J.: 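Handing you this structure, nothing more for now.
Quick caveat: nothing in here was measured; it's all calculated off a predicted structure. The sequence lines fix the lettering, A, B, ..., with proteins before strands; numbering per chain opens at 1.
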Protein chains: 2
Amino acid sequence: MWHEPDQGDAFAPHDHALCQSRALAEAEERLRQQGARLTPVRRRTLEILLEAHRAMGAYEVLDRLAEAGFGRQPPVAYRALEFLVEHGLAHRLQRLNAFAACLHPGEDHAPVFLICRVCDKVAEAHAGNVRSELSSAAGELGFTVERATVEALGLCPACAGRDAE
Amino acid sequence: MWHEPDQGDAFAPHDHALCQSRALAEAEERLRQQGARLTPVRRRTLEILLEAHRAMGAYEVLDRLAEAGFGRQPPVAYRALEFLVEHGLAHRLQRLNAFAACLHPGEDHAPVFLICRVCDKVAEAHAGNVRSELSSAAGELGFTVERATVEALGLCPACAGRDAE
DNA sequence: ATCGAATTGTAATAAGGTAACAAATTGTGG
DNA sequence: CCACAATTTGTTACCTTATTACAATTCGAT
Ligand SMILES: [Zn+2]
Ligand SMILES: [Zn+2]
Ligand SMILES: [Zn+2]
Ligand SMILES: [Zn+2]
């Protein structure tokens, strides 16, 4: 029982070079439509997140940006990351105080994150049913959900396999 | 269409003095069974969370502990809060870097939190269906969920009513 | 009373995040 | 091209959140 590796699935073996360049191209296209600029820092920041294919702390990103010749002060990283998040190109993971590139930008989304506790990779799962159950549970208390954070910690298939051996 | 106010529902009008004392009594009982000690700092920490009936940052708790004569250093609060979380008497809210007293200790639970963005109150909703949808969405990627954070930001019924006026 | 374990106090520091302002860059109308 | 406004980037300074390490105390059981 194997599945077609989809674009949100960081765990499935895949051509990661292609995965990165596609995400970058999608980002460019998306920003062009919105009239926003993918400046050098922002571009490099997105590349850093995409290369890692996992969640990274702002200071870790900052170190990499500094290596690439950009400023070494926190706002440099936070601003670029905030820009990416606002434009749907990255997500913030509350549980880790960290950021990860969005794996399927463009789609309207409020994703559910799956974080492997062994390899730190992050995937985005289909959220529709989870969200609707959440709204309905909230509705029973008269609560209106505006935004929700859904983050699961666990084992990805690769690391689960390694464990079992 | 009104509902029976249940124990996890911080939004429903209720006798809060009773709500607190019941939670405290349940906490004592629970810890006695586990052979853990509800020492003065720990007890006061739980009381502080229960009084507020909302999420509080560790440093806010620390200030209150200091007022009550306990140490003014971060570990004092973090240790007490960690103890309460470990024993199922409080929860950590990732989204806010904050803590809240558990509203129904004893029940085996992995709650879903509803956080009102206006009044900051926190309720716990029934999570069963949300969790199972989450596990099933994760399962499609071969991912095993061990622990999950589900936190919704939005409007509680009282604040929604005030808004509409 | 005495010993070991658990708990609390304290100092020092790491990690995460933001406000404020200056310098540089970019795009636009004249 | 030039002036000029808007945006973006750099830097300083500071704030909040969290942990490590170790000393002092308290608790429970011999
Ligand atoms: Zn990839
Ligand atoms: Zn893994
Ligand atoms: Zn609870
Ligand atoms: Zn409210």
J.: Say whether, by atom type as modelled, one donor and one acceptor occur between the side chain of A/Arg131 and the main chain of A/Pro111 under 3.5 angstrom.
T.: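 Yes; judged by distance alone, with no hydrogens or angles, the pair exists.
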
J.: By nearest nucleotide on DNA chain C, pick out whichever of A/Ala58 and B/Val41 is the more 5' one.
T.: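 It is B/Val41 whose nearest nucleotide is closer to the 5' end.
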
J.: Starting from A/Leu38, can I reach A/Val76 by hopping between I/L/V/M/F/W/Y residues whose side chains sit under 4.5 Å apart?
T.: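 Linked within one cluster.
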
J.: Can you tell me how far P of C/dT10 sits from CZ of B/Arg72, to the nearest Å?
T.: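 The answer, rounded to whole Å, is 9 Å.
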
J.: Rounded to whole Å, please give me the gap between CZ in A/Arg44 and P in D/dT9.
T.: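 A/Arg44 atom CZ is separated from D/dT9 atom P by 15 Å.
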
J.: So, is A/Thr39 near the phosphate of D/dT9, with a side-chain N or O under 4.0 Å from OP1 or OP2?
T.: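 True: A/Thr39 side-chain N/O within range (under 4.0 Å) of D/dT9 OP1/OP2.
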
J.: Any link between B/Val41 and B/Val85 through a network of hydrophobic side chains (Ile, Leu, Val, Met, Phe, Trp, Tyr) touching at under 4.5 Å?
T.: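 Shared cluster, yes.
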
J.: Where the side chain of B/Pro74 is concerned, which of D/dT12, C/dG17, D/dA18 is the nearest nucleotide?
T.: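 The closest nucleotide is D/dA18.
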
J.: Of the nucleotides C/dA6, C/dG16, D/dA18, which has the atom closest to the B/Arg37 side chain?
T.: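 Closest nucleotide among those given: C/dA6.
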
J.: Within 45° of the ring axis of B/Phe99 and under 6.0 Å from its six-membered ring centre, is that where the NZ or CZ of B/Arg92 lies?
T.: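 Not flagged: B/Arg92 not positioned over aromatic ring of B/Phe99.
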
J.: Among C/dT8, C/dG17, D/dT12, find the nucleotide with the atom closest to the side chain of B/Arg42.
T.: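 Nearest listed nucleotide: C/dT8.
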
J.: What is the distance, rounded to the nearest whole Å, between atom OH of A/Tyr78 and atom P of D/dT11?
T.: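 Value for this atom pair: 18 Å.
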
J.: Please tell me which of the listed nucleotides, D/dT19, D/dT11, D/dG28, lies nearest to the side chain of A/Pro75?
T.: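 Nearest to the side chain of A/Pro75 among the choices is D/dT11.
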
J.: Report the distance from atom CZ of B/Arg95 to atom C1' of C/dG17, rounded to the nearest whole Å.
T.: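 My rounded result for the distance is 16 Å.
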
J.: Can you tell me the distance, in whole Å, between the CD atom of A/Gln94 and the P atom of C/dG16?
T.: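 For the pair A/Gln94 CD and C/dG16 P, the rounded distance is 14 Å.
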
J.: Just the rounded figure in Å: distance from C1' of D/dT17 to CD of B/Glu82.
T.: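 After rounding, the gap between these two atoms is 15 Å.
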
J.: What is the separation between atom CG on B/Leu81 and atom C1' on D/dT17, rounded to the nearest whole Å?
T.: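 After rounding, the reported distance stands at 12 Å.
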
J.: Hey, is the side chain of B/Arg92 poking within less than 4.0 Å of OP1 or OP2 on D/dA18, counting only N and O atoms?
T.: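 Yes, because at least one side-chain N or O of B/Arg92 sits under 4.0 Å from OP1 or OP2 of D/dA18.
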
J.: A/Arg44 and A/Glu67: salt bridge (charged side-chain N to carboxylate O under 4.0 Å, His left out), yes or no, with the steps?
T.: CA-CA 11 Å; A/Arg44 187 74 200 103; A/Glu67 284 169 17; over 6 Å; no

J.: Has the side chain of B/Tyr59 got a donor or acceptor that lies under 3.5 Å from a partner of the other kind on the base of D/dA18?
T.: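 Pair found.
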
J.: With a 4.0 Å cutoff (strictly under), does any side-chain N or O of B/Asn97 reach OP1 or OP2 of D/dA18?
T.: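 Indeed, a polar side-chain atom of B/Asn97 lies that close.
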
J.: Heavy atoms under 4.0 Å, any strand shown: does A/Arg79 hit a base, just sugar-phosphate, or nothing?
T.: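 Base, at least one base heavy atom under 4.0 Å.
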
J.: Is the aromatic ring centre of A/Phe70 closer than 5.5 Å to the centre of the six-membered base ring of D/dT9, with the two planes inclined by less than 30°?
T.: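 So no, this residue does not stack on that base, at least one cut-off failing.
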
J.: Specify the separation, in whole Å, of atom CE of B/Met56 and atom P of D/dT16.
T.: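 Computing the B/Met56:CE to D/dT16:P distance gives 15 Å.
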
